[in-house]
Amino acid sequence: MLKKKLFWQAILISILACVVVTMFAAWLAREQAKEELQTYLKDVAEQAMLRSDRAFTVSGNILDKLDRSDLKDCSEAHQRQLSIFIFKELFVRDVLYAPNQQVQCSQSSRVVYSLPPRDQQTISGPSLWFAFKGDLFRPSVLYGSGPHYAVLNSQYLVDILPVKKRELCIEAVLNNRVLAKTKGTPAHDNSWLQQSKVSLSNPHYVITAYLPPKELQRAWLGYFKDWLPLGFIVCVLLIGIIVWLTRRSFTMGLEIIEGLQLGEFVVHYQPMVALANGKVCCAEALLRWQRQNGSKISPDLFIGYAEENGQINLLTQFVLETVITDLAKLSHLDISVSVNLAGADLASPLFVENLAVLCRKYQIAPSRIELEITERSFVLGQSAINTISLLREAGHLILIDDFGTGYSSLSYLHHLPVDLLKIDKSFVQALGSGAATHHVASHIVQMAKDLGLEVVAEGIETSDQAEILKEMGVEWGQGWLYAKAMPFDDLCKFLQPSTTTPFKPLSSDPLPDAV
Ligand SMILES: Nc1nc2c(ncn2[C@@H]2O[C@H](COP(=O)(O)O[C@H]3[C@@H](O)[C@H](n4cnc5c(=O)[nH]c(N)nc54)O[C@@H]3COP(=O)(O)O)[C@@H](O)[C@H]2O)c(=O)[nH]1
């Protein structure tokens, strides 16, 4: 059943991992494609603006020269002079001589007619006609302030041939009117990529280069193909890791049982002290697993696994037996040991009886074995609370471990058969740090005092934290400031009769009514 669950879990995670990797590669490719095309469009718009600026500047200079010349009589010499400029500059289609807006001649004609009203006047002065026809065969841009006017090929203004050929569309707009544009009609929304360039000499003159969505698609596909091999390798690696972890999970249950038989598990002890004088009152039993190959497996990993997969009762039994035999060797010291219990221990009908048998066998007073229960255990309901009451009646002190991280509320807590609260190390480490949770410890202490419970603070690493906790009224503490978890032999050396003090919380008197 478990194997099946793990198998499907692994398949699902592998698929998810591959989907995430593919989506990431697709996103990366899209960002790269967008960046490349935006740079391209910017470049094109700049080139078109240079071309446009040059066309107007050169036209202005030509017209200036013609206006300053004496030839203004539509004579052959005058018309020849006009044609010289037309041949010199590709974008000039014709030059008109039109004093007082009356066309007298162009380079090749002497048809007389009036200029239509101008469309716009540019900032620098000259007038503009957007689609001037006159007697010409194609509408063009007419530009000038008279008497000479240049007929410009509007297409030239936007006629850019970029190195990379794409379905490009360029528009030159003056005062919101399209002056010139290449083929194609861009959608003026976000679906087309676009980049604009404003003319330095005329802020109302803007050239915008557009690319249709299919160009983005094409570029994206190119980049995506580039990323695929790497994405594939990452997927294979991830699947490898998932398969490895799953295989490990398949076998971890058996390995725990095997580890117990091979003596790979040992119990370490972390002293708990009275904050007032630093004397050791208790030690927490913490399980360690060192494989025969020398590798160490973290309790966070194997305890969680054993809790979920049914080996935790075996581990707790091992810890209790070890602790009780070790305590029997410390009969000369007034010290107790606390043991972590899991929800499954409390759910076992034989647990209370087994513990009593062990204590009797090694002649250990139950008060020397304290039991740490996390808030999560209470979620198991009335049967767990009944077991805890029985354990407390038998003489064991009950501590709520990791307090503050679980489900207990003030109203819930005063019905529970417990003796001490153990503030979770995350709140202790937040003390004086300015972290958002730095007030939580003092609230917990206040709550405990109101309920007549004593408090143990775990995870004390600095003397500042110890001082703050003492000032709050916390009686007991545990953490690397005092000692890390150590093997039993080291604990024996660490403990001297003068360094211990009995651990007798105020509330170890009669049991409150449990619900
Ligand atoms: N049901 C059982 N659970 C057990 C048992 N043995 C361990 N555990 C649980 O595994 C979790 C991880 O334990 P561990 O890696 O041993 O870490 C403990 C301490 O080493 C650590 N600690 C102690 N002082 C400090 C400190 O100053 N700073 C710091 N960063 N860490 C410190 O804290 C862990 C003790 O946690 P707690 O039990 O909440 O008091 C852990 O949840 C264990 O409970 C077992 O036999 N049975």
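For the single chain, residues carry numbers from 1 onward in sequence order.
With sequence neighbours left out, the side chain to side chain contact (heavy atoms under 4.5 Å, CB included) criterion links V234 to V21, L238. Taking the side-chain hydrogen bond (donor to acceptor under 3.5 Å, both in side chains) definition, one finds that N340 meets it with E284, sequence neighbours left out. The side chain to side chain contact (heavy atoms under 4.5 Å, CB included) check on R30 picks up K34, L216, W220, with sequence neighbours excluded. By the side chain to side chain contact (heavy atoms under 4.5 Å, CB included) test, S295 is found to be paired with R291, N293, residues two or more places apart in sequence or in another chain being considered. Evaluation of the ring pair (Phe, Tyr, Trp, His ring centres under 6.0 Å) rule for H78 yields Y97, H148 as partners, not counting sequence neighbours. The side chain to side chain contact (heavy atoms under 4.5 Å, CB included) test applied to K484 returns W480, not counting sequence neighbours. For C18, the disulfide bond (SG atoms under 2.5 Å apart) criterion is met by no residue, not counting sequence neighbours. With sequence neighbours excluded, no residue forms a disulfide bond (SG atoms under 2.5 Å apart) with C235. Checked against ring pair (Phe, Tyr, Trp, His ring centres under 6.0 Å), Y156 has the following partners two or more places apart in sequence or in another chain: F91. Not counting sequence neighbours, S463 has no partner by the side-chain hydrogen bond (donor to acceptor under 3.5 Å, both in side chains) test.
For an aromatic pair to be called close, the ring centres must be under 6.0 Å apart, and Y143 with Y149 fails this.
Among residues at least two apart or in separate chains, salt bridge (charged side-chain N to carboxylate O under 4.0 Å, His left out) pairs with a member in residues 216-228 are E215-R218. Within the structure, no pair that satisfies the salt bridge (charged side-chain N to carboxylate O under 4.0 Å, His left out) test touches residues 68-81, not counting sequence neighbours.
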(message) For F265 and L315: C-alpha separation, side-chain torsions, deciding distance, then whether side-chain contact (heavy atoms from CB on, under 4.5 Å) applies.
(response) CA-CA 9 Å; F265 285 93; L315 291 179; 3.9 Å; yes
(request) Before giving the answer on side-chain contact (heavy atoms from CB on, under 4.5 Å), spell out for I207 and S52 the whole-Å C-alpha distance, their side-chain angles and the decisive distance to 0.1 Å. (result) CA-CA 9 Å; I207 291 189; S52 224; 3.8 Å; yes
(request) Check step by step if side-chain contact (heavy atoms from CB on, under 4.5 Å) holds for F56 and N202. (result) CA-CA 11 Å; F56 285 112; N202 182 355; over 6 Å; no
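With 3.5 Å as the limit, one finds no donor-acceptor pair spanning the side chains of R118 and Q101. Between the side chains of K422 and Q478, at least one donor-acceptor pair of N or O atoms lies under 3.5 Å. If you check the side chains of T208 and E171, you find no donor sitting under 3.5 Å from an acceptor. Side-chain contact, D402 with T374: no donor N or O sits under 3.5 Å from an acceptor N or O. Inspection of the E36 and Y223 side chains reveals an N or O donor paired with an N or O acceptor under 3.5 Å.
Atom CZ of F232 has 12 or fewer heavy atoms from other residues, nucleotides or ligands within 6.0 Å. Within a 6.0 Å sphere centred on CD of E35, other residues, nucleotides and ligands contribute 12 heavy atoms or fewer. Atom NZ of K133 sits in a crowded spot, with more than 12 heavy atoms from other residues, nucleotides or ligands closer than 6.0 Å. Taking a 6.0 Å sphere around CD1 of I84, one finds it holds more than 12 heavy atoms contributed by other residues, nucleotides or ligands.
Using a 4.5 Å heavy-atom cutoff, the side chains of I62 and E89 are in contact. Using a 4.5 Å cut-off on side-chain heavy atoms (C-beta onward), I373 and L346 make contact. The shortest distance between side-chain heavy atoms of T246 and I242 falls below 4.5 Å. Proximity of H268 to M486: side-chain heavy atoms (C-beta onward) are nowhere separated by under 4.5 Å.
Formation of a donor-acceptor pair under 3.5 Å by the D94 side chain with backbone atoms of I86 is not found in this model. The backbone N or O of N309 lies less than 3.5 Å from a partner atom in the side chain of Q311, making a donor-acceptor pair. In this structure, S109 contributes its side chain and S106 its backbone to no donor-acceptor pair below 3.5 Å.
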